[in-house]
Amino acid sequence: MAQCLLSVQEFLQDSFIPQVAALCSDEAERLARKNQLSFCELVRPFCRLSTEVHMRDPNNQLHVIKNLKVAVNSIVTQPPSQGAIRKLLNDVVSSSQPAEGLVPNVITAGDYDLNISASVPWYNNWKDTLMELNKSKYYSATTPWFESYRESFFQSMPASDHEFLNHYLACMLVVSSHEPEPVEQFLKLSQEQHRIQHSNDYNYPKWFTPNTLKYYVLLHDVSCSDEKRADTIYEEMIQRYGTQGCYLLKINSRTSGKGTDEQIPDPWSQYIQKNNMHYQESYEDGSSTALPNKNSDHVISVDGLEHSVKEGLSNNFKTHPLDQLNDAGGSFDGLDNGRMESSVSEMKKTVTGTAHGSCLSLTDHDRIRQFVQEFTFRGLIPHIEKTIRQLNDQLISRKGLSRSLFSATKKWFSGSKVPEKSINELKNTSGLLYPPEAPELQIRKMADLCFLVQHYDLAYSCYHTAKKDFLGDQAMLYAAGALEMAAVSAFLQPGAPRPYPAHYMDTAIQTYRDICKNMVLAERCVLLSAEILKSQGKYSDSAALLIRLTSEDSDLRSALLLEQAAHCFINMKSPMVRKFAFHMILAGHRFSKAGQKKHALRCYCQAMQVYKGKGWSLAEDHINFTIGRQSVTLRQLDNAVSAFRHILINDSKQPALQQGAFLREYLYVYKNVCQQSPESPLPQLPLPYINSSDTRVFFGHDRRPSEGEKQAATHVSLDQEYDSDSSQQWKELEEQVVAVVNKGILPPNFQPTQYCLSSNSDNSKFPLAVVQEPITVEVSFKNPLKVPLLMTDVSLLWKFQPKDFSQKNEELKEAMSNDKDLLSKGKSFSDVIGTEEISEFFINNEETKIARLKLFPLQPGELHILGIVYNLSTIQSTLDGVNPLNSVPAGKFISNGMSVRGRQDLEIQGPRLNGTKEEKTSIQYGPDRRLDPIIVPEMPLLEVFFMNFPTGLLCGEIRKAHVEFVNVSNCPLTGLRVVSKRPEFFTFGSNTAALTPLSPAASVNCSAYKTVVTDSTSGCSVYTSSVSPVDFGFASGKHLEVVEIPLTDSVLAPGASVQLPLWLRGPDQEGVHEINFLFYYESTETQSKLRHRVLRHTAVICTSKSLNVRASVSRSNALEDEDIRRTHFSPPSEAGVKEFHIVQVSSSSKNWKLQKSVNCTADKDTKLTSRERAKMCFKAVRCKFSSQDDEKSSDRYTFGDIVLGGEQIISSTTPCADFFFHSCLLQCKKKHSNTGGHSKVIPDEAVRLIQNCSKVNINLIVLWKAYVIEDNKQLILEGQHHVTLNTVGTEALSFPQKQEQPETILLRFTRSENTPVPVRPSPEQLSNLIKTSLHYPESFNHPFHQKSLCLVPVTLVLTNSSQAEVDVIIDLRHKTTGPEALEIHGSFTWLGQTQYKLLLKSHEVFSLQLKACFVHSGIYNLGTPRVFAKLANQVTLFETNQQNSMPALIVINNV
């Protein structure tokens, strides 16, 4: 049980107090009425004695009575009806509510802090409550409504025949001194009392003894009468009734005019207010509670309304005040609130506006107190003492006992105990009645008297004796009463000589309930026993007792007892909190049935504190639903909404039908809330769930669909999935182009363009949106219920701050929001931000679905997207619960009419910070600003369309497409550039594109190349031309990836479009290639916020195999600057390709050019079908430049075209040269990047010069046509391959070689040597410094018979292949080491100087005249001179023997 304000002893004493009747004359009642009080009410606050009272027991021992209280009541001759009592109790409970705003009434039970007075759902302000709990000391729980109920219950119990505790012991006869004949009036009242007590007309009230004590009170009004007369009358009364039987009470000594300033206390207000509480509007919201004071007296509320109800009816005893009250109030069960309102409001006025005791001074208060004390000391106590003695003497004489009962008690109880029969053995004789003078009743009467004057020892003895007698007679009602009071007396005995006999109480309760069928007496037993058990700490027994008495006959009683049982469970040593909660639910249910809605709500709220968050979802749903229902009844609609909201947002395990019912109830309550306060802001709706982190924001228009051959740039859309690699690549491309535009430096305030913001993007900065361009917000909705939801009129809620970014110190304009517009579903701020609405959005049960909502900003400023506004309604389902989707066509959902408008906020938590130590050790989140875009002034907007853009190409195939650039905004755009990681894939042409017109043949054949018809008779013709890479946009130090797009005047006007040709070349590697293009452009007007814009396009190209080209270089033996090229071709075995034609081979180099084809055949172009190979040889010569061209020619490339077909493709123009330069420069870049990482030792000048002798640096461009059959049509495709030949003897390929995986080898740790190894040229390189050639006649006739010696002139031509001066030593002496030397050389010799030392300048050709001498005819090899060479001025290098040319054979004929 909850803590009570009274101790158990005080409670038990105050439950049974001496009852005194009061009978007043009309005049006396009128005097009391001056103070707005009846006489009984006048004396009520002074009925507790402040001093001890002494009396003698039958053994003449002095007995002390402490804290005695008497009850003074008017005589009523009809017992109150059960309905009236029920109504009184109902009103008492409903009027006593937990006080609002007081310190939380908190008890700590186990791990729980339970707020016992919580009558608001925990989720409304549970954080505040917990904070208060943490700060406050723990208060033990009190339940003032239970104490009020209990007090009223005891006071309203009608007197019964089987006990005498609430029978009247005395009667005060009150007469006014103003009456003409007061003494006669006393006689009349005395006769009236005698008639009521002794005539058979009246069975009620009950009187204790036949000779009731009469106490004569003369009431004197000091303010308006003669005191002498009063004194005279009083003297006469003393003579007639004695000093102990009468009293002169002077009142009303305070006049209304005098002493208005002094504040007189009003001790009546708490009684009057408490007793009339049930007249006030106890069903209003908010309760005013008068908490009982610990020291306050407890009052019988039976005649609590005498001053208002019984005006002028002082001696009309027929009806009990409670019955009049019942007639006034209408229904008594508290359920019919409507009929009570009129009487309630009247009573409220009379109760609240009345000042009590206005004519009484403090002296009068003391007089009344003195009067009660005198009455008790001189009248009541002597009368009780005398009655006890008489009863004792009667009992002794009747029983024939030698000594008083008091002294015999010990013998009776110390002897052998008679075994008590069990209750089941006793016959049902509850109907047995004793005559009033029966000795058993006299014992009971004596016991009750002793109990009333706190003589508990004697009372116990008598009750015990009476109990035996009653049980012996099987008078069960009497026996139960004796058992009940015996138990209470035993408990109250001073010094506790015996333990509390709880089994007495149990037997009494069982008897009252089961045999006597008297639930009121059983309830009294339970209330007494439970309090006693609680005081002994036996909470479990107390709870069991309370629960046992719950029954269907009284919901209010059951509710209160269940609540007290619940409190017992949390007051145990180890609190049983879940039992507390369960019984609170039961109590709440019974309170609800009893019409006590506020108490029902409070019980459910308290139980919720235990059940919440424990995963008992069905229990939580039940509690929340009930809280919601009760809150609706009490018009606490906000609480109702909160409760229903919680049912819906928890993961509900309810079936679909139940969820549908919850949802409909919720919407109904919501609608009522909204109708009550139409001006209030939109409420938050709980459904559907919004997954805020999945919210995506897209800036810009939706992508246009492709129209025929026109294909729009892919750009960015919400349908694309996020790819971190791709995102990083786009960012790098943008950084690259911005750096190029800003002269190689990224601006410090650079912010990469993000068109689509999601949880994967960087949302730490405010995104930028452009005026007149839509902002799309994608929101992910989830319906957690098993019933479908329908959202209508869905739109975004925003706040906008207009701002002009061009002015620095601009005054802030007023911020605007559309929440008021959306509330009334009116027009939006269409001139600031256009808001798009989705008229219907259907979410199926347990479905996650996305909605895309748009805003159109029309002014620059700062926009904040706050949330979503929509109408939520349910779908009308068919009767058997079939899913409505099956029967309802899409877009025509039938709402069941229950629809509410509300909002949900979009709140996105930023990423967790993890940078500093402080952030790592605490949980901090950064900002997420994806919903707070800055709207910047209008910017140009580019759209790009591709025409005839291929999806599949052969490796190296050239295809011409067109690109259309359209400016769809109202601003001109400039600075159009495109950046790509694969610049070799495309070209927009060069500024030489206009130099060579397209030939008619090229336009007929739709060729991508510029061609010129050649003379078919001239064989394999060679055409040369020279161009600079600068003409094709390849300047040194320039980013190859960033390409400027040629626009007229470099500006694209608003609404204008331009079409440009675009040549594409299939990548050399087969497979699928994703190629990203980023188009960059700027506005002609510079802006502070947005400086540039970008457009993305991703092209996917599938390449298949085509020709493979291998080429190598070897030196020719001729002394001119010429080399021989060998080229191998091998086509793939692709199914679609019929054959390849090699139509032209071109060279491109700074130093070399192709001179002729060595293997020209009658068939000009080389045809290759699948799996065929071909080899071709070409001759290349060094380019000759005039001296004035040397300066310019250092950067120029010479193109030499060997035409194998009928048309020359001009290789030095677009697109051939563009793709050549792309691949050539890309290879250079790759080489640099490959070698750049390693610290290579740089060779010295000499070595470099020697190495350069073997370098040629010539590039071959092989142009081909492929005949392809596709869809039964023959197509002619064309393309080009590039082969770069760097050094003599090394084979080069046109296709990238596959990297073989290196085998895994064991790790070896070696110490790195810091000393660099000097780079030395290879012997091969050293032996190719000088090229030698012998010039002589092939045959020579000499008459040996005339001249024995034949002299032949021979010229030795020396060519310096290097770019440096070379020291040359020529040795003509024959080798003498080998055995074959004589055989070869013995027959001829060189005449003249046999060793020469020469210095040859760079590329110098030197002729040396020699003489060969022969002695007979034959064939001779002249290739014997040995040439040694080394770089001039080089000490470290020795001369190296130069490679000899082929054998030089001469025929000497003898003639």
Side-chain angles (χ1 to χ4, degrees), residues 695-703 715-718 722 727 730-731 733-735 737-739 741-742 746-778 796 798-808 810 812-813 815 832-834 853-866 906 908 910 926-943 967-975 1078-1096:
T695 304
R696 297 197 295 165
V697 185
F698 177 70
F699 301 101
H701 296 279
D702 292 337
R703 184 182 169 232
H715 197 43
V716 186
S717 78
L718 282 167
Y722 176 80
S727 174
W730 288 118
K731 187 183 168 193
L733 286 172
E734 188 175 354
E735 285 175 358
V737 67
V738 171
V741 172
N742 287 281
L746 261 181
N749 59 347
F750 169 72
Q751 190 175 335
T753 308
Q754 294 190 107
Y755 284 104
C756 184
L757 298 177
S758 65
S759 51
N760 299 308
S761 54
D762 175 15
N763 305 324
S764 55
K765 292 179 182 167
F766 292 102
L768 301 174
V770 181
V771 166
Q772 305 281 357
E773 292 184 23
I775 299 169
T776 309
V777 179
E778 182 185 276
L796 288 170
W798 49 260
K799 189 172 130 199
F800 181 69
Q801 175 77 58
K803 226 178 199 181
D804 188 356
F805 296 107
S806 56
Q807 298 176 8
K808 286 196 174 174
E810 187 209 358
L812 273 180
K813 295 177 188 168
V832 179
I833 285 179
L853 299 152
K854 284 189 180 174
L855 295 176
F856 295 90
L858 304 168
Q859 280 185 24
E862 293 173 358
L863 176 66
H864 303 281
I865 299 166
L866 305 174
L906 285 171
I908 304 173
D928 191 303
R929 298 198 167 103
R930 70 182 99 160
L931 295 172
D932 304 316
I934 291 172
I935 314 295
V936 300
E938 205 167 351
M939 284 285 285
L941 183 62
L942 175 74
E943 283 194 358
N967 182 358
V968 293
S969 67
N970 298 322
C971 306
L973 68 84
T974 184
L1078 186 77
F1079 295 94
Y1080 167 100
Y1081 56 99
E1082 299 168 359
S1083 173
T1084 48
E1085 297 173 13
T1086 52
Q1087 266 197 35
S1088 58
K1089 289 279 179 194
L1090 194 59
R1091 295 176 184 275
H1092 70 270
R1093 301 194 79 179
V1094 295
L1095 175 75
R1096 300 175 181 177

key: Which atom of Pro767 lies closest to which atom of Asp932, heavy atoms considered   = CD-O, 3.8 Å

query = Please walk me through it: do Tyr1080 and His1092 pass ring-ring contact (aromatic ring centres under 6.0 Å, His included)?
reply = CA-CA 7 Å; Tyr1080 167 100; His1092 70 270; 5.1 Å; yes

note = d(Leu855 CG, Glu773 CD) to nearest 0.5 Å is 14.0 Å

key: Audit row: Leu906, Leu866, side chain to side chain contact (heavy atoms under 4.5 Å, CB included) steps and yes/no   = CA-CA 6 Å; Leu906 285 171; Leu866 305 174; over 6 Å; no

ask   = Is the number of heavy atoms from other residues, nucleotides or ligands under 6.0 Å of Glu735 CD greater than 12?
value = yes

task = Determine whether Phe1079 and Val1094 make a side-chain contact, defined as any pair of heavy atoms from C-beta on separated by less than 4.5 Å.
result = no

Heavy-atom closest pair, residues Pro940 and Cys971 = CB-O, 3.6 Å

ask   = Which heavy atom of Pro937 sits nearest a heavy atom of Val770, and at what distance?
value = O-CG1, 3.7 Å

key: Stepwise side chain to side chain contact (heavy atoms under 4.5 Å, CB included) test for Asn970 and Glu938   = CA-CA 8 Å; Asn970 298 322; Glu938 205 167 351; 3.1 Å; yes

Check: Leu853 and Thr776 side chains under 4.5 Å, non-hydrogen atoms = no

query = Looking only at heavy atoms, what is the nearest atom pair of Val771 and Pro860, with distance?
reply = CG2-N, 3.7 Å

key: More than 12 heavy atoms of other groups within 6.0 Å of Arg1091 CZ   = no

key: Val777/Leu796 under side chain to side chain contact (heavy atoms under 4.5 Å, CB included): CA gap, chis, key distance, verdict   = CA-CA 9 Å; Val777 179; Leu796 288 170; 3.7 Å; yes

query = Within a strict 4.5 Å, meaning less than it, do heavy atoms of the Ile833 and Leu858 side chains meet?
reply = no

request  = Say whether, by atom type as modelled, one donor and one acceptor occur between the side chain of Asn763 and the main chain of Ser758 under 3.5 angstrom.
outcome  = yes

ask   = Quick one: NZ on Lys803 to CD1 on Ile935, what's the gap to the nearest 0.5 Å?
value = 12.5 Å

request  = Would you check if the side chain of Glu778 reaches a backbone N or O of Phe698 as a donor-acceptor pair within less than 3.5 Å?
outcome  = no

key: Validation row: Phe800, His864 side chains within 4.5 angstrom (heavy atoms)   = no

task = Indicate yes or no: at least one non-hydrogen side-chain atom of Phe750 is less than 4.5 angstrom from one of Asn742.
result = no

query = What distance do Leu942 atom CG and Leu973 atom CG have between them, rounded to the nearest 0.5 Å?
reply = 5.5 Å

Side chains of Glu734 and Thr753, donor plus acceptor under 3.5 Å = yes

query = Can you list the steps and then say if Ile908 with Thr695 is a side chain to side chain contact (heavy atoms under 4.5 Å, CB included)?
reply = CA-CA 8 Å; Ile908 304 173; Thr695 304; 4.0 Å; yes

ask   = Cys756 versus Arg696: any side-chain heavy-atom pair under 4.5 Å?
value = yes

query = Do Ile775 and Val697 come within less than 4.5 Å of each other through their side chains, counting heavy atoms only?
reply = yes

key: Check ion pair Asp702-Lys854 (N to O, under 4.0 angstrom)   = yes

message = I need the Ser969 OG to Glu943 CD distance, nearest 0.5 Å.
response = 10.0 Å

Face-on cation placement of Arg1093 at Tyr1081 ring, 6.0 Å and 45° thresholds = no

remark   = Closest non-hydrogen atoms of Gln859 and Pro802, given as atom of the first, atom of the second and distance, are OE1-CB, 3.9 Å

message = As an exercise, state the distance from NE2 of His715 to CG of Leu1078, rounded to the nearest 0.5 Å.
response = 9.5 Å

Leu757 vs Phe699 side-chain heavy atoms within contact, under 4.5 Å = yes

request  = Might you point out which heavy atoms bring Lys1089 and Leu768 nearest each other, and give the distance in Å?
outcome  = O-CD1, 3.7 Å

key: Nearest-0.5 Å distance that lies between atom NE2 in His701 and atom OG in Ser717   = 15.0 Å

ask   = Are Asp762 and Gln754 linked by a side-chain donor-acceptor pair shorter than 3.5 Å?
value = no

